Amino acid sequence: MTKKKIVLLDGNSLAYRAFFALPLLTNDKGIHTNAVYGFTMMLETILDNEKPTHVLVAWDAGKTTFRHSTFTEYKGGRQKTPPELSEQFPYIRKLIEAFGIEQYELDLYEADDIIGTLSRECSEAKAEVVIISGDKDLTQLANEQTTVCITRKGITDLEKYTPQHIEEKYGIEPLQIIDMKGLMGDASDNIPGVPGIGEKTALKLLKEYGSVENVYQSIDQITAKKMKENLVTNKEQAFMSKELATIEVHAPIEVSLADLDFAGRNEEEVIQLYKELQFNSLLEKLDAPVEVQHLEEIEIQTVDEVTADMLTDTMSIHVEIDGDNYLSASILGIGLSNETNTYFVPTNVAASSAVLKEWLEDHATLKYASDSKSAYAAIARLGMELNGTDFDLMLAAYIVNPSFSTGEVAEIARSFGYHGVKSDEAVFGKGAKRSLPAAEQLAEHVARKAHAVWELYPVVSKQLEENEQQELFHELELPLAKILGKMEVTGVKTDLDVLQTIGQQLSERLALIEKDIYEMAGEKFNINSPKQLGVILFEKIGLTPIKKTKTGYSTAADVLEKLENEHEIIQHILLYRQLGKLNSTYIDGLSKEIHEDGKIHTRFQQALTQTGRLSSINPNLQNIPIRLEEGRKIRAAFIPSEPEWIMFAADYSQIELRVLAHISQDEKLIEAFKQGADIHTKTAMDVFGVSEEDVDSNMRRAAKAVNFGIVYGISDYGLSQSLNITRKEAGEFIDTYLASFPGVKQYMDDSIADAKQKGYVTTLLNRRRYLPDITSSNFNLRSFAERTAMNTPIQGTAADIIKKAMIDMDARLEKEQLQTRMLLQVHDELIFEAPVEELERLKEIVPEVMEQTLQLDVPLKVDWNHGKSWYETK
DNA sequence: CCTTTCACG
DNA sequence: ACGTACGTGAAAGGC
């Protein structure tokens, strides 16, 4: 007989976890499904990974438990279960049943106690037990047979607590977790513990005395006066807390191991339930026919010739691409729709149609696009131009809520309650199985996307209206989409020879460094593998690990720099990493991206970042090296695409701090910028209380770090890391800063309060970002949301400004009939290529346009440079 | 596919 | 007492 393996799941805890980890989803009947979906994913992964012979899901019985007779306020102050979750519990139970898994609950007891009792019985019977929960309390049950898995992040990422792991992490045994809770309490269960004692102190006490009982027996040995006092006055509370935290392992349960046989799931029931819940991706995995969500009947016409009567004054348009790169992948066809008709136009028909060309290029006919930038670029490849774009579903959804948009029509549509489109995955398949469907299915899919845009236009427009974001959408993002499309299609000329020459030199140096490293290590190994490198540095050589990652020793640069004086191998590794990065990401990576026209065509993601910035992909041209000279040379490969032209680059100076000055209305900060002061020096003068002459380079460096921190939503820890000082010192720095810039302090407090009250923060041009975690009881999530509340209006307003400048710049170049082309945007800078004759004009208009695009209460300042390559624009 | 590392603003 | 600075994308290793 094979060895028994029992999996015990904490139903309530996992359902809560699933609910909060996933965005709200609904099926077509309006029932929320996110917790059920998350629970399903957990079950599937756990069953897959653990392959148990026996399984049980334990549930909490009800509101009152035997613990309440000890302490009536046990679990008091908890928020009511949200109704969106409550309605899902019956489905979770059905699901568990369909999976062929037993479930059990017991009056007056919690799921913990059922799990505790069973795991004791099983481990006494020498069976292997795996416990799954989101509640760390259960780790007290870990022993040689029993592993406790606690959800870490998301829904399927579990941290495994074995006695060894607990020892490494806390330095105590599993049962001492109870003592730890007794001392520190547990806010989420309303267990009081001893005031003033947190995790750190609790662990210190336990390492010394072993248990709560022993702490009190040896109470006279404790010298810290305040702590001793707290312990003494709260003795009863400490013992009660320990009692509350103790899981009952002798609960009067009526199930036993024999009842928990796991025979596998009932496929039919599972499929039935998945269909009801519309878990289409899971159905596909089962090879079950996906229930097509009651798609509204629409008549679709595949046309072999575009005629004038088809094309009306206003239509929606979707250009379908085979893959995501609309600059290179083949164009599969165009969908067009209005209130009466929906068409699919195959690419060959579209490409040769003069009628279509005329309509597309007409500024007077309005187009509602699914993704106007991709449509613009793809249509450009057919030798036509797209004009008259009046709506863009992807952009509009992104403006309404930047966390919405994944770029897929089906998904965006769903988030606005429209279910008439299939997902691309359902039509094309995924990964290696991806393929083109039959012509008819393709036509229908493309046409349905166009139709979805048509249907959603009024819905999303109304939302924009309600949010007062019509202007942001129509005046900023929509015109910008076309400009970005133009930039992408234009591309940047790249000199492969330059890249190869640099690459050659790098390879030679890397080979030498590699040899040195092997010699110093005494063996060959893969330097690029953090795992292997960790073994060499921290086990073989015996250096002291400074930081750990989830999987082992950290070998990140900041760690290695601290070890630089310990062993000469370190500096070689750092150099190897630095040069290796240049070689793989930039030399090899960029070389592969040069098209036949000798140019690199990046794509700007306009509906992705949570702050309103752009991002750049395939390749990323927003992170070309500059800080170190060796990397900066890469920029010499980016050159003008015409002979006798030059590169011209202009960047905003300190735009984020200027934005901060404007939105915080801090008088001192505004004054500093009005005077044209060096802002870091000025900050140093205020923080250190010295005159300008007395600011030394260290003070300025510290002030600069503080300024960065302020923009990021400062924390003492973050600043301490960046300046390599203690947290206390960092905290004092921050206090001094905020005391001398009271307007900034006020802004920080106001943005957090604002986010709490409204649920979102906004930028100057009314871009929004929702911050649901701002009210979380989880310290980390809440702190993160608070920093985001401070940072997003700053970073986002800066993004608004440069976007507007791009629109103004494009118009100005057009107006003055210049040949200059805008090529790239790198968050606070714009890069152009230009005929040398236009240089003098650019020196005037580029800074003028960028500085005047929006009037703030501080001046905007732009620096510019030019040269024969991007490298020379410095 | 996830994690780690590192390039940019 | 929490163990991270804000926002990104790409490459490599390893499961």
Side-chain angles (χ1 to χ4, degrees), chain A residues 49 153-154 156-157 184-185 187 193 196-203 402 431 526-534 547-560 574 577-578 580-586 588-590 592-593 602-605 608-628 631-632 634-635 651-652 654-656 705-706 708-723 727 730 734 769 777-784 786-796 798-799 802 825-829:
Chain A
N49 292 345
K153 212 167 71 181
T156 51
D157 185 10
M184 66 182 271
I197 296 191
E199 186 178 306
K200 289 280 147 67
T201 319
L203 286 173
N526 188 341
I527 308 169
N528 283 323
S529 159
K531 195 175 168 193
Q532 295 182 32
L533 180 61
K547 211 164 62 177
K548 271 184 154 185
T549 66
K550 244 196 295 188
T551 50
Y553 311 109
S554 171
T555 66
D558 62 323
V559 170
L560 296 188
L574 285 168
R577 281 248 182 94
Q578 186 203 324
K581 174 88 179 175
L582 294 178
N583 224 2
S584 62
T585 305
Y586 297 102
D588 295 347
L590 291 175
K592 274 186 278 190
E593 301 282 354
T602 186
R603 278 174 300 139
F604 292 103
Q605 305 242 69
L608 184 140
T609 72
Q610 298 304 300
T611 55
R613 276 191 176 180
L614 301 175
S615 90
S616 157
I617 55 166
N618 293 131
N620 181 354
L621 290 187
Q622 289 181 322
N623 72 344
I624 304 301
I626 188 164
R627 292 174 192 164
L628 299 170
R632 188 176 203 154
I634 305 272
R635 295 184 171 223
D651 68 289
Y652 283 108
Q654 306 292 356
I655 189 165
E656 292 189 333
V706 172
F708 265 102
I710 291 294
V711 169
Y712 290 155
I714 195 123
S715 74
D716 51 5
Y717 181 82
L719 183 65
S720 73
Q721 289 298 298
S722 104
L723 280 177
R727 257 177 76 174
I734 294 167
R769 180 177 187 178
S777 60
N778 178 319
F779 177 89
N780 279 326
L781 291 179
R782 190 177 63 248
S783 306
F784 187 54
E786 288 173 354
R787 292 196 296 272
T788 313
M790 301 184 254
N791 168 267
T792 297
I794 303 173
Q795 193 183 112
I802 193 163
Q825 185 250 49
V826 193
H827 311 307
D828 66 355
E829 68 176 316

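Computed from a predicted structure; not experimentally measured. Every chain is numbered from 1, with letters handed out A, B, ... down the list of sequences.
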Checking all strands, does [X] fall into the base, sugar-phosphate, or nothing category for heavy-atom contacts under 4.0 angstrom?
X: A:Ser715; answer: base
X: A:Asn526; answer: sugar-phosphate
X: A:Gly198; answer: sugar-phosphate
X: A:Ala705; answer: base
X: A:Val711; answer: nothing

Euclidean distance for P, B:dA7 against C:dG3 (whole angstrom): 28 Å

Between B:dT3 and C:dT4 - P atom distance, rounded Å: 14 Å

Using a cut-off of less than 4.0 Å, is there contact between a side-chain N or O of [X] and OP1 or OP2 of [N]?
X: A:Thr555; N: B:dT5; value: yes
X: A:Thr551; N: B:dT4; value: yes
X: A:Arg627; N: B:dC8; value: yes
X: A:Arg769; N: C:dG7; value: yes
X: A:Thr201; N: C:dA1; value: yes
X: A:Lys550; N: B:dT3; value: yes
X: A:Gln532; N: C:dG14; value: yes
X: A:Arg577; N: B:dC6; value: yes

Side-chain donor/acceptor of A:Gln795 to base of C:dC6, under 3.5 Å: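 Indeed, a donor on one side and an acceptor on the other fall under 3.5 Å apart.
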
Donor-acceptor pair present, A:Arg787 side chain and C:dG7 base, under 3.5 Å: no

Counting side-chain heavy atoms from CB outward, which of [options] is closest to [X]?
X: A:Ile626; options: B:dT3, B:dC6, B:dC8; value: B:dC8
X: A:Pro530; options: C:dA5, B:dT4, C:dG14; value: B:dT4
X: A:Asn623; options: B:dG9, C:dC6, B:dC8; value: B:dC8
X: A:Thr585; options: C:dA1, C:dA10, C:dA12; value: C:dA10
X: A:Pro625; options: C:dA5, B:dC8, C:dA12; value: B:dC8
X: A:Lys200; options: B:dG9, C:dA1, C:dA10; value: C:dA1
X: A:Ser722; options: B:dT5, C:dG7, C:dA5; value: C:dA5
X: A:Ser615; options: B:dG9, C:dT8, C:dA10; value: C:dT8
X: A:Tyr717; options: C:dG3, C:dA1, C:dG7; value: C:dG3
X: A:Ala557; options: C:dG13, B:dC6, B:dG9; value: B:dC6

What is the distance, to the nearest angstrom, from the [atom1] atom on [X] to the [atom2] atom on [N]?
X: A:Ile527; N: B:dC6; atom1: CD1; atom2: P; result: 13 Å
X: A:Lys592; N: C:dA10; atom1: NZ; atom2: C1'; result: 10 Å
X: A:Asn780; N: C:dA5; atom1: CG; atom2: P; result: 11 Å
X: A:Leu590; N: C:dA11; atom1: CG; atom2: C1'; result: 12 Å
X: A:Asp558; N: C:dG3; atom1: CG; atom2: P; result: 18 Å
X: A:Leu719; N: C:dG3; atom1: CG; atom2: C1'; result: 16 Å
X: A:Asp588; N: C:dA10; atom1: CG; atom2: P; result: 15 Å
X: A:Glu593; N: B:dA7; atom1: CD; atom2: P; result: 19 Å

Could you tell me if the side chain of [Y] sits less than 4.5 Å from the side chain of [X], heavy atoms only?
X: A:Thr792; Y: A:Gln610; result: no
X: A:Ile626; Y: A:Arg635; result: yes
X: A:Ile617; Y: A:Thr602; result: no

Interatomic spacing from CG in A:Asp828 to CD in A:Gln795 - rounded to 0.5 Å: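 If I round to the nearest 0.5 Å, the distance is 11.0 Å.
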
Approximate separation, where rounding is to 0.5 Å, of A:Leu621 CG and A:Glu593 CD: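 The distance works out to 8.5 Å.
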
Contact nearer the 5' end of DNA chain C, comparing A:Gly709 with A:Gly196: A:Gly196

Along DNA chain C (nearest heavy atom to each residue), the more 5'-positioned of A:Ile197 and A:Phe784: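 Whichever sits nearer the 5' end wins; that is A:Ile197.
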
Base-pairing assignment for C:dA1 (Watson-Crick or G-U wobble, both under 3.5 Å): none

side-chain contact (heavy atoms from CB on, under 4.5 Å) between A:His827 and A:Ile802, intermediate numbers included: CA-CA 7 Å; A:His827 311 307; A:Ile802 193 163; over 6 Å; no

Exam field: side chain A:Gln622 to backbone A:Gln825, donor-acceptor pair closer than 3.5 Å: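 Between the backbone of A:Gln825 and the side chain of A:Gln622 there is a qualifying donor-acceptor contact (under 3.5 Å).
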
Distance-minimising heavy-atom pair for A:Ser720 and A:Ala730: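 Taking A:Ser720 first and A:Ala730 second, the nearest heavy atoms are N-CB, 3.7 Å.
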
